[in-house]
2 protein chains.
Amino acid sequence: MRYHRIPDETVRRLPVYLRCLMVSANQGERYISSRSLADSVGVNSWQIRKDFSYFGDFGTRGVGYDIGRLAREIKKILRLDVIRRAVLVGVGDLDSALLAYPGFGVYGLDIVAAFDIDPKKIGKTMNNGVTIEDFARIDTVKERDISLAIIAVPRAAAQPAVDKLAAAGIKGILNFAPCKVSVPKRVKVITLDIAMELARLPYYIPRAGRQDDS
Amino acid sequence: MRYHRIPDETVRRLPVYLRCLMVSANQGERYISSRSLADSVGVNSWQIRKDFSYFGDFGTRGVGYDIGRLAREIKKILRLDVIRRAVLVGVGDLDSALLAYPGFGVYGLDIVAAFDIDPKKIGKTMNNGVTIEDFARIDTVKERDISLAIIAVPRAAAQPAVDKLAAAGIKGILNFAPCKVSVPKRVKVITLDIAMELARLPYYIPRAGRQDDS
DNA sequence: GGATGTGAACTCTTTCACAGCG
DNA sequence: CGCTGTGAAAGAGTTCACATCC
């Protein structure tokens, strides 16, 4: 399969596999079968084999996958094998949560700068030791080898912020603002909209009536 | 089309359409065409028409969609037209952010209780006036007409917490814990895993080389 | 035997083209 | 004439069945 276009859905699943592999590795395991990996992450075993088959033959028939090797391969595929410097834009409640989040480091993310427009925040230092700078100077990230941005600003501020980030050479953006943003093709945006996820939850909940267990 | 199974992808897009409609309504607009709605949310106009066609004929040919009516219809489809009482499980940094999040109320969510296992937190009152209770008493939600839960607990605590929530009659869970959780079929879980989104961002960022704008 | 890797069938989703209506 | 609504075609992604290899 090696020479096909990779489905986006496969790329979405790879980080999930990776996390599971890291957990298994921590428990001292050496090999894992597609079946047991599948059970852990909640997909089918053939889905897992198909996903890996897009990238190469990582397994050993009759044995399974070498956990350490597979984890390294996935990291390489996802380009998580290099540390990337990131900037936080909009320092609020969400950012405290983000900074407290264990696992950004695991995925090669190093938050080295933070910006805000609020004069009350500028100059303050965050939990991780980074001092908040004035967003007016966002263009300085260009000289600081920062390629990723996490933005958590109000809706109206999102598009202008993204425009400035794109101009400053940022290549990837994780957007927590509740709206679509437009960027040049060379910039990748992933929007994570909490309210949108929440809003579709009731759809799956029957108003009343019989229920059966699983 | 009315009598088909609804694609999950359509359900995922409906909240996005709804938000856009609410913004347009606030600006005093009365009608919107599939084309202009499409431009606002970043999909194609035929995608929008197809999505709506699963539920009925909401538009007027030659004119477009009545914004108020369409918003009401979508709310009804998503079952956002009733207030749902929700409980927060695990009160940490993320929860402060969640409580500050404008827009839970917009989608009919009312956070009426909070639980934690940390004795230092139990008894304290959150920003929204809700007092944090001992998670050991989570079963009391059964008598309090609470149908949704938002859980933001460490990975190891997630499955036990979810089991207790399911036993307490919770019907829908928004899971921020970084892992898969198993539930009875009658319970719907939506997992929102920030690290998993972040981990796939570098995949789309070329290591180096030529770039073209859009 | 036991597990992987993969073409082929199948299912789900998007796109198209245009009929139908206001 | 403009814009919606929809069957049909095309495209993506998943599932299956089994050949293949350790």
Side-chain angles (χ1 to χ4, degrees), chain A residues 1-17 20-21 24 29-71 73-74 77 180 200 203-204, chain B residues 1-17 20-21 24 29-71 73-74 77 180 200 203-204:
Chain A
M1 291 289 262
R2 243 119 312 162
Y3 309 105
H4 283 51
R5 204 192 124 272
I6 312 302
D8 272 347
E9 294 304 309
T10 293
V11 176
R12 177 170 268 119
R13 283 187 293 266
L14 288 179
V16 181
Y17 301 155
C20 185
L21 292 171
S24 297
E29 319 261 344
R30 240 192 100 66
Y31 290 95
I32 192 166
S33 66
S34 58
R35 178 63 185 283
S36 80
L37 180 55
D39 290 345
S40 306
V41 302
V43 305
N44 300 304
S45 60
W46 48 79
Q47 178 77 79
I48 288 196
R49 295 201 298 277
K50 176 68 90 182
D51 282 341
F52 293 157
S53 79
Y54 291 119
F55 302 100
D57 297 2
F58 300 141
T60 308
R61 289 158 204 249
V63 178
Y65 299 91
D66 178 305
I67 292 174
R69 166 155 183 248
L70 186 53
E73 294 284 2
I74 295 178
I77 293 164
K180 183 211 156 213
R200 70 194 172 89
Y203 176 83
Y204 297 98
Chain B
M1 289 289 264
R2 243 121 309 160
Y3 310 104
H4 284 50
R5 205 193 124 274
I6 313 302
D8 273 347
E9 294 304 309
T10 293
V11 176
R12 177 170 268 118
R13 283 186 293 267
L14 287 181
V16 182
Y17 300 155
C20 184
L21 292 171
S24 296
E29 319 262 342
R30 239 192 103 65
Y31 290 95
I32 193 166
S33 67
S34 59
R35 176 66 184 282
S36 79
L37 180 54
D39 291 344
S40 307
V41 302
V43 305
N44 300 304
S45 61
W46 48 79
Q47 179 76 80
I48 288 196
R49 295 200 300 274
K50 175 68 91 181
D51 282 341
F52 292 157
S53 78
Y54 290 120
F55 302 101
D57 298 0
F58 301 142
T60 307
R61 290 160 204 246
V63 178
Y65 298 92
D66 178 306
I67 292 175
R69 167 157 182 244
L70 186 54
E73 295 284 2
I74 295 178
I77 292 164
K180 183 211 156 212
R200 71 194 173 87
Y203 175 84
Y204 297 98

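Below, read A as the first sequence line, B as the second, and so on, with proteins coming before strands; counting in each chain starts at 1. Owing to the predicted nature of the structure, the values given are computational and were not obtained by experimental measurement.
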(message) When you compare the side chain of F55(B) with that of E73(B), does any pair of heavy atoms fall below 4.5 Å?
(response) no

Gap between atoms [atom1] and [atom2], on [X] and [N] respectively (whole Å):
X: F55(B); N: dT6(D); atom1: CZ; atom2: P; value: 13 Å
X: Y17(B); N: dT4(D); atom1: OH; atom2: C1'; value: 14 Å
X: D66(B); N: dC3(D); atom1: CG; atom2: C1'; value: 15 Å
X: D57(A); N: dC22(D); atom1: CG; atom2: P; value: 10 Å

(request) Sequence neighbours left out, what passes salt bridge (charged side-chain N to carboxylate O under 4.0 Å, His left out) with R12(A)? Give chain and number order. (result) E9(A)

(request) Report the residues that fulfil salt bridge (charged side-chain N to carboxylate O under 4.0 Å, His left out) with R13(A), sequence neighbours left out, ordered by chain and then residue number. (result) D51(A)

(request) Taking side chain to side chain contact (heavy atoms under 4.5 Å, CB included) as the test, write out the residues that go with S36(B), two or more places apart. (result) I32(B), S33(B)

(request) Sequence neighbours left out, what passes side chain to side chain contact (heavy atoms under 4.5 Å, CB included) with D39(A)? Give chain and number order. (result) R35(A)

(message) Once you apply a heavy-atom cut-off of 4.0 Å, does F52(A) come out as touching a base, just sugar-phosphate, or nothing?
(response) nothing

(message) OP1 or OP2 of dC3(D) versus the side-chain N and O atoms of S33(B): is any pair under 4.0 Å?
(response) no

(message) If the cut-off is 4.0 Å, is Y65(A) near the phosphate of dG5(C), judged by side-chain N/O to OP1 or OP2?
(response) yes

(message) Just to verify, what does F52(B) make a ring pair (Phe, Tyr, Trp, His ring centres under 6.0 Å) with, not counting sequence neighbours?
(response) Y17(B), Y65(B)

(request) Apply side chain to side chain donor-acceptor pair (under 3.5 Å) to Y204(A) and list each qualifying residue two or more places apart in sequence or on a separate chain. (result) D8(B)

(request) Applying side chain to side chain donor-acceptor pair (under 3.5 Å), name anything that partners S34(B), two or more places apart in sequence or on another chain. (result) R49(B)

(message) Can you list, in residue-number order, the parts of residues 35-43 of chain A that come under 4.0 Å of DNA chain D, counting heavy atoms only?
(response) none

(message) Output one letter per nucleotide in nucleotides 12-22 of chain C: B when a protein non-hydrogen atom lies under 4.0 Å from the base, S when only the sugar-phosphate is that close, - when neither is.
(response) -SBBSB--BBS

